[in-house]
Amino acid sequence: MKILKTLGIFIIVAVVGCESTTPAKNTDAVKAQKPMERVAGHGTSEADRKEYIAEHDVNADGSVSRAEVEAFRKSRFNSGDTNQNGVLDENEYIDEFMGRLDQQIADERKSHIKQTHIRFKSLDKNNNGLISWEEYQASGDRAFAHLDKQNTGRVVAQGDERQTRGARSVLSMPTSHSVSGFLALYDENADGVVTREEFDSHRKQAFIATDLDKDGALNFNEYLLEFEGRLEQQAKRIRDQQRKQAHVRFGVLDKNKSGAIEWDEYLAMGLSGFDRWDVNRDGLVSAADPLPKNENWRSDRDSRKKKSE
């Protein structure tokens with residue numbers, strides 16, 4: 001239910017700098033030791049490169065060599081090859097990926113839940129263990145004013161909006177800190193505009209729906225229960241999306257259409273990623289490399305392949 005998806009937005013505005021936990025319509029991380037391999041997409045930001053290095057830097061020297069990538073891929077390949085026949089069938093490939101995804105989701109979920117305590121305390125201004133309607137409404141006022149800087153009573157889509165992004169999170173959700181996130185939460189009719197009247201109505205309904213004991217205030221258990229419900233919905237969406245994409249990737253990796261991914265096919269994908277990041281072609285991925293350009297890295301890679309043939 002869309003109404004229930006909006007409660008966390010007001011807490012976020014009240015806690016400047018805290019991790020966002022607002023829900024997302026479309027989403028796509030961190031294990032305890034190292035970031036998980038990309039579950040989707042190919043970023044080109046500084047944060048993306050840091051993730052890549054952290055994941056593959058076996059000797060922790062701040063850079064990644066081709067040998068380290070090969071060793072990393074070999075370890076993962078062997079882990080997925082449960083019947084030890086030297087190839088990955090489709091079930092093995094999917095199971096290995098989904099196992100990592102589930103661990104990533106579980107780790108991020110713990111972090112999100114931990115943040116709910118901070119956000120709840122931030123809204124509970126009088127420290128009575130409850131979020132009153134007045135406290136909740138004040139947070140909503142700040143959320144709207146944050147984006148309606150001209151006091152027009154409207155938040156309107158901005159085609160050229162750009163957001164800075166850190167490490168990819170599979171449970172990331174749109175937030176009121178950006179116009180696009182705000183509209184993802186409140187633009188029910190998808191017309192690119194959220195009026196103050198629409199926002200207030202939606203907010204009131206969300207508060208009432210979350211107030212399960214109907215005492216006119218939100219206790220922590222009510223807030224947590226609503227938030228956990230959104231997290232579970234998000235996790236299910238992500239698992240379903242990523243499983244489908246993993247099947248597609250399997251078909252792409254199985255170049256010879258044998259019904260299994262052989263080691264050289266699996267390694268080729270890893271080395272493709274290495275070539276993408278090794279922009280200065282010194283055989284290492286490090287902070288010394290310029291960031292790659294999406295439109296150039298594939299053609300450059302193919303050109304180098306032809307030269308080596």
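For the salt bridge (Lys or Arg N to Asp or Glu O under 4.0 Å) test, no residue two or more places apart in sequence or in another chain qualifies with Glu70. Under the rule for a ring-ring contact (aromatic ring centres under 6.0 Å, His included), the partners of Trp133 that lie at least two apart in sequence or sit in another chain are Tyr136, Phe207. Residues passing the salt bridge (Lys or Arg N to Asp or Glu O under 4.0 Å) test with Lys236, sequence neighbours excluded: Asp240. Judged as a salt bridge (Lys or Arg N to Asp or Glu O under 4.0 Å), and not counting sequence neighbours, the contacts of Glu96 are Arg76, Arg100. Evaluation of the ring-ring contact (aromatic ring centres under 6.0 Å, His included) rule for His117 yields Phe220 as partners, not counting sequence neighbours.
In this structure a side-chain-to-backbone donor-acceptor pair under 3.5 Å is missing from Asp264 to Ala268. Checked by atom type and distance alone, the side chain of Asp200 never pairs as donor or acceptor with a backbone atom of Glu197 at under 3.5 Å. Lys257 places a side-chain N or O within 3.5 Å of a backbone atom of Gly251 that can act as its donor or acceptor partner. Side-chain atoms of Asp57 come within 3.5 Å of backbone N or O of Gly62 as a donor-acceptor pair. With hydrogens and angles ignored, the 3.5 Å screen pairs a side-chain donor or acceptor of Asp81 with a backbone N or O of Gly86.
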(message) salt bridge (Lys or Arg N to Asp or Glu O under 4.0 Å), that's the test. Do Lys125 and Glu134 meet it? Break it down for me.
(response) CA-CA 10 Å; Lys125 298 298 185 182; Glu134 291 75 21; over 6 Å; no
(request) Would you check, one step at a time, whether the test side-chain contact (heavy atoms from CB on, under 4.5 Å) holds for Trp263 with Arg73? (result) CA-CA 9 Å; Trp263 163 240; Arg73 299 294 293 177; 3.9 Å; yes
(message) Using side-chain contact (heavy atoms from CB on, under 4.5 Å), reason through Leu171 and Leu231 one step at a time and then give a plain yes or no.
(response) CA-CA 7 Å; Leu171 291 178; Leu231 274 183; 4.2 Å; yes
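The number of heavy atoms from other shown groups lying within 6.0 Å of CZ (Arg196) is above 12. Counting non-hydrogen atoms of neighbouring residues, nucleotides and ligands closer than 6.0 angstrom, the NZ atom of Lys149 exceeds 12 such neighbours. Shown here is Lys244, whose NZ atom has no more than 12 heavy atoms of other residues, nucleotides or ligands within 6.0 Å.
Note: the hydrophobic cluster containing Ile94 also contains Ile238 (ILVMFWY, side chain heavy atoms under 4.5 Å, direct or indirect links). A single hydrophobic cluster is not seen to contain both Leu212 and Phe120; linkage of ILVMFWY side chains at heavy-atom distances under 4.5 Å, directly or through other members, places them apart. Hydrophobic clustering places Phe77 together with Leu271 (ILVMFWY residues linked when any side-chain heavy atoms are closer than 4.5 Å, directly or through intermediates). When the side chains of ILVMFWY residues are joined at heavy-atom separations under 4.5 Å, either directly or via intervening members, Leu123 and Ile208 end up in two distinct hydrophobic clusters. Linking Ile, Leu, Val, Met, Phe, Trp and Tyr residues whenever their side-chain heavy atoms come within less than 4.5 Å leaves Ile118 and Leu225 in two separate clusters.
The two residues Gly153 and Asp148 make their nearest non-hydrogen contact at N-OD2, 2.8 Å. For Asn189 against Glu198, the heavy-atom pair with the smallest separation is ND2-OE2, 4.3 Å. Across every non-hydrogen atom of Ser132 and Ala217, the tightest pair is CA-CB, 4.4 Å. Taking each heavy atom of Thr210 and Glu222 in turn, the nearest pair found is O-CB, 3.6 Å. Here the shortest heavy-atom pairing between Phe199 and Val194 reads CB-CG1, 4.1 Å. Considering all non-hydrogen atoms of both residues, Val58 and Glu68 come closest at N-OE2, 3.1 Å.
Counting only heavy atoms from C-beta outward, the side chains of Ile261 and Val87 never approach each other to under 4.5 Å. Asp187 places none of its side-chain heavy atoms less than 4.5 Å from the side chain of Val193. Looking at Val252 and Asp254, their side chains never come closer than 4.5 Å, going by heavy atoms from C-beta outward. In this structure, the side chains of Val155 and Leu183 come closer than 4.5 Å at one or more pairs of heavy atoms. Side-chain atoms of Trp277 and Asp289, non-hydrogen and from C-beta on, never get closer than 4.5 Å to each other. Using a 4.5 Å cut-off on side-chain heavy atoms (C-beta onward), Tyr223 and Asn219 make no contact. In this structure, the side chains of Leu130 and Leu218 stay at 4.5 Å or more apart for every pair of heavy atoms. A 4.5 Å side-chain heavy-atom check between Lys121 and Asp124 finds every atom pair outside the cut-off.
Here Asp102 pairs with Arg239 in a salt bridge; the nearest charged N to carboxylate O distance falls below 4.0 Å. Between Lys214 and Asp211 there is no salt bridge, since none of the side-chain N atoms of the basic residue sits less than 4.0 Å from a carboxylate O of the acidic one.
Side-chain contact, Gln205 with Ser201: a donor N or O sits under 3.5 Å from an acceptor N or O. Looking only at atom types and distance, the side chain of Asp141 has no donor-acceptor partner in the side chain of Gln137 under 3.5 Å away. Counting only N and O atoms by type, the side chains of Arg230 and Gln233 include no donor and acceptor under 3.5 Å apart. Using modelled atom types and a 3.5 Å distance limit, the side chains of Asn256 and Glu262 yield a donor-acceptor pair.
Annotation: cation-pi pair Arg119/Phe227 present, NZ/CZ under 6.0 Å from the ring centroid and within 45° of its normal. In this structure, Arg249 satisfies the cation-pi test against Phe97, with its NZ or CZ atom closer than 6.0 Å to the six-membered ring centre and inside 45 degrees of the ring normal.
Ring pair His56/Phe72 is tilted by interplanar angle, where 30° to 60° counts as tilted. Ring planes of Tyr186 and His202: perpendicular class, angle over 60° (limits at 30 and 60°).
The list of salt bridge (Lys or Arg N to Asp or Glu O under 4.0 Å) pairs with a residue in residues 84-93, not counting sequence neighbours, is empty.
Between Phe274 and Tyr52, the ring centre distance reaches or exceeds 6.0 Å.
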